[in-house]
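Input: a single structure, listed below in structure tokens.
Hydrogens, waters and symmetry mates are skipped; everything else that's a heavy atom, side chains included, is used. It should be emphasised that the depicted structure is a prediction, and the values quoted were computed from it without experimental measurement.
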Amino acid sequence: MAAQIHRFRFFIIAAVVLVLAAGSYRWWTYSRFFESTDNAYVRADITVITPRVGGEIVELAVHDNQEVKKGDLLLKIDPRDYQARVADAQAMVAAGIAAVAANVEQKSAQAAQIEEARATLASAQADAARAQKDWQRARTLVDQGVATHQRLDNATAVRRSAQANVARADAGVKVAEQQSATLDADRKRLQAQLEAARAQQQLAELDLSSTELRAPIDGNVGDLGARLGARVAPGQRLLSLVPLAEVYVEANFKETQLTHMALGQPVSIEVDAFPAHDIRGHIDSLSPASGAEFSLLPPQNATGNFTKIVQRVPVKIRLDGDEGGLSGRLLPGMSVVATVDTRGQVPTVARLP
């Protein structure tokens with residue numbers, strides 16, 4: 001009887017040793033390379049739709065949970081005010097174009113006036129030259145006693161009058177040229193006003209086009225807060241677009257689990273809502289900081305009492321293939337369990353010099 005008990009104990013101990021050895025062997029050769037967490041969720045880059053302009057919603061083209069394609073009309077804001085602004089801006093542009101054209105015509109007319117003033121100056125200079133010669137001849141004759149002083153006086157008066165005409169004509173040329181320069185400066189001002197009017201027209205047209213809100217991406221409508229007839233303000237949240245075809249997993253691993261993680265390593269994903277589906281993915285990127293660093297009130301461990309807490313770092317996981325046959329059924333916010341196989345590439349730690 002004692003021998004049987006001894007053999008039974010031996011078998012029990014041997015069985016325990018074998019189980020422990022098998023477990024240790026599996027951990028050493030397989031399990032220790034896998035890091036898992038249930039602090040993981042399905043995510044998507046949700047696009048929030050807000051209007052650039054305010055006004056009354058006159059058309060609501062979507063409903064809750066509707067699937068839309070990029071470019072589809074979501075809703076329309078009353079465009080009448082913005083149409084009037086576009087018309088007013090177009091009128092300002094037309095007035096600016098007319099003002100510039102009128103300036104060009106004035107410039108052409110002023111060029112003709114300058115040529116006329118220069119011709120008048122040339123004529124006055126010719127008359128002055130002739131009067132100068134007549135005065136010189138009269139003076140010579142008076143000095144020779146051939147002519148009277150009256151002739152010299154007349155020639156002097158004519159010479160002075162001709163010189164005055166030259167001065168008047170020269171001033172006329174300068175005035176005409178100055179008016180031309182003024183027209184040049186005025187054209188620059190008018191052109192600047194025209195450019196400003198065109199810019200206002202572009203802004204008005206942009207505001208008008210913004211009365212129609214269209215889908216910037218493919219996705220499903222969610223959080224629909226827009227209602228037909230409601231008045232909205234710029235920047236007000238109206239709805240969200242969820243790209244269900246581009247979901248990913250965000251897994252928050254403990255910092256002690258990141259030792260051998262690297263980009264591209266395979267990940268096995270189990271979704272709580274679909275436990276029978278095997279979903280595969282790979283590590284796309286690691287957060288540049290722990291989640292606590294991005295919180296509203298990050299920890300300040302340099303003050304007060306200190307309690308060490310293992311931090312978690314978000315890891316972005318891209319899904320492979322058709323998402324295990326669940327394409328379009330994985331919804332942001334769903335809980336998952338992510339397991340990373342770290343047997344692949346191991347990150348190289350840079351050493352400081």
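- Val313 and Tyr41 are members of different hydrophobic clusters when ILVMFWY side chains are connected at heavy-atom separations under 4.5 Å.
- Residues Ser287 and Phe253 form no side-chain contact, since every pair of their non-hydrogen atoms from C-beta on lies 4.5 Å or further apart.
- Contact of the Glu67 side chain with the Asn220 side chain is registered, since non-hydrogen atoms from C-beta on lie closer than 4.5 Å.
- Side-chain contact between Pro332 and Val242 is present, with at least one heavy-atom pair separated by less than 4.5 Å.
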**OP:** Could you please spell out the steps behind the salt bridge (Lys or Arg N to Asp or Glu O under 4.0 Å) verdict for Arg280 and Asp278?
**Re:** CA-CA 7 Å; Arg280 298 291 175 176; Asp278 183 22; 3.2 Å; yes

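- Judged by distance alone, the side chain of Glu255 and the main-chain N or O of Gln311 form a donor-acceptor pair under 3.5 Å.
- A donor-acceptor pair is defined here as one N or O able to donate and one able to accept, closer than 3.5 Å; such a pair exists between the side chain of Gln265 and the backbone of Ala262.
- Within the 4.5 Å cutoff, no side-chain heavy atoms of Tyr82 are placed close to those of Glu205.
- In plain terms, the two heavy atoms of Lys316 and Arg318 that are nearest each other are NZ-NH2, 3.2 Å.
- The line from CD of Glu59 to CG of Leu228 is 8.5 Å long, rounded to the nearest 0.5 Å.
- Atom CD of residue Gln201 and atom CD of residue Gln90 lie 5.0 Å apart, to the nearest 0.5 angstrom.
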**OP:** Give the C-alpha distance, both sets of side-chain angles, the deciding distance and a yes or no for side-chain contact (heavy atoms from CB on, under 4.5 Å) between Leu73 and Glu212.
**Re:** CA-CA 7 Å; Leu73 179 66; Glu212 291 187 355; 4.0 Å; yes

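- Expressed to the nearest 0.5 Å, how far CG of Leu190 lies from CG of Asn103 amounts to 5.5 Å.
- In this structure, the separation between CD1 on Ile317 and OG on Ser285 is 10.0 Å, given to the nearest 0.5 Å.
- Taking both residues in full, the closest heavy atoms of Ala89 and Ala204 are given as CB-CB, 4.3 Å, listed atom of the first, atom of the second, then distance.
- Residues His260 and Thr342 approach most closely at O-CB, 3.7 Å, considering heavy atoms.
- Hydrophobic clustering (ILVMFWY, side-chain heavy atoms < 4.5 Å, transitive): Leu330 and Ile46 are in one cluster.
- Atom CE of Met334 is surrounded by more than 12 heavy atoms from other residues, nucleotides or ligands within 6.0 Å.
- Using modelled atom types, no side-chain atom of Glu246 and backbone atom of Pro243 make a donor-acceptor pair closer than 3.5 Å.
- Residue-environment remark: CZ (Arg80) stays at or below the threshold of 12 foreign heavy atoms within 6.0 Å.
- In the hydrophobic cluster analysis, where Ile, Leu, Val, Met, Phe, Trp and Tyr join through side-chain heavy atoms closer than 4.5 angstrom, Val68 is grouped apart from Leu244.
- Looking only at side-chain heavy atoms (C-beta outward), Pro275 and Glu270 come within less than 4.5 Å of each other.
- In the hydrophobic cluster analysis, where Ile, Leu, Val, Met, Phe, Trp and Tyr join through side-chain heavy atoms closer than 4.5 angstrom, Leu206 is grouped apart from Leu74.
- Taking CD1 of Ile49 as the start and OG of Ser240 as the end, the distance is 7.5 Å to the nearest 0.5 Å.
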**OP:** Might you work through the side-chain contact (heavy atoms from CB on, under 4.5 Å) test for Leu238 and Leu75, ending with a clear yes or no?
**Re:** CA-CA 10 Å; Leu238 301 180; Leu75 59 89; 3.8 Å; yes

**OP:** Mind running side-chain hydrogen bond (donor to acceptor under 3.5 Å, both in side chains) on Glu195 and Gln191 for me, showing each step along the way?
**Re:** CA-CA 6 Å; Glu195 293 302 320; Gln191 288 176 338; over 6 Å; no

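- The same ILVMFWY cluster, assembled from side-chain heavy atoms under 4.5 Å apart, contains both Leu331 and Ile279.
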**OP:** Go through the steps for Met92 and Leu194 under the test side-chain contact (heavy atoms from CB on, under 4.5 Å), then give the verdict.
**Re:** CA-CA 8 Å; Met92 295 296 293; Leu194 176 59; over 6 Å; no

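- Across Thr50 and Arg237, no two heavy atoms sit closer than the pair CG2-CA, 3.9 Å.
- When all heavy atoms are compared, the tightest approach of Ala338 to Ala251 is CB-CB, 4.1 Å.
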**OP:** Verify side-chain contact (heavy atoms from CB on, under 4.5 Å) between Arg214 and Asp72, making sure each step is shown before the conclusion.
**Re:** CA-CA 5 Å; Arg214 297 186 177 272; Asp72 288 351; 6.0 Å; no

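- The side-chain heavy atoms of Val221 and Leu241, taken from C-beta on, include a pair separated by under 4.5 Å.
- Counting heavy atoms from C-beta on, the side chains of Ile57 and Val232 come closer than 4.5 Å.
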Original post:
Between Arg189 and Asp186, does a salt bridge (Lys or Arg N to Asp or Glu O under 4.0 Å) hold up when you go through it step by step?
Top reply: CA-CA 5 Å; Arg189 178 181 60 82; Asp186 194 49; 2.2 Å; yes

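- Results of the side-chain contact (heavy atoms from CB on, under 4.5 Å) test with Val315 over Asn252, Val340, Leu258, Leu263 single out Leu258 as the only residue that passes.
- Summarising the geometry of Thr47 relative to Pro216, their closest heavy-atom pair is CG2-CG, 4.0 Å, with the distance given to 0.1 Å.
- At a threshold of 4.0 Å, the pair Arg85-Asp88 does not count as salt-bridged, since none of the basic side-chain nitrogens sits closer than that to a carboxylate oxygen.
- Here the CG-CG distance, from Leu208 to Leu203, works out to 12.5 Å after rounding to the nearest 0.5 Å.
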**OP:** Report the C-alpha distance between Tyr248 and Asp45 in whole Å, list the side-chain angles of each, state the deciding distance to 0.1 Å, and finish with yes or no for side-chain hydrogen bond (donor to acceptor under 3.5 Å, both in side chains).
**Re:** CA-CA 9 Å; Tyr248 56 90; Asp45 295 328; 3.1 Å; yes

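- The backbone N or O of Ser36 lies less than 3.5 Å from a partner atom in the side chain of Gln257, making a donor-acceptor pair.
- Taking 4.5 Å as the limit, every side-chain heavy atom of Ser268 sits out of range of all side-chain heavy atoms of Asp341.
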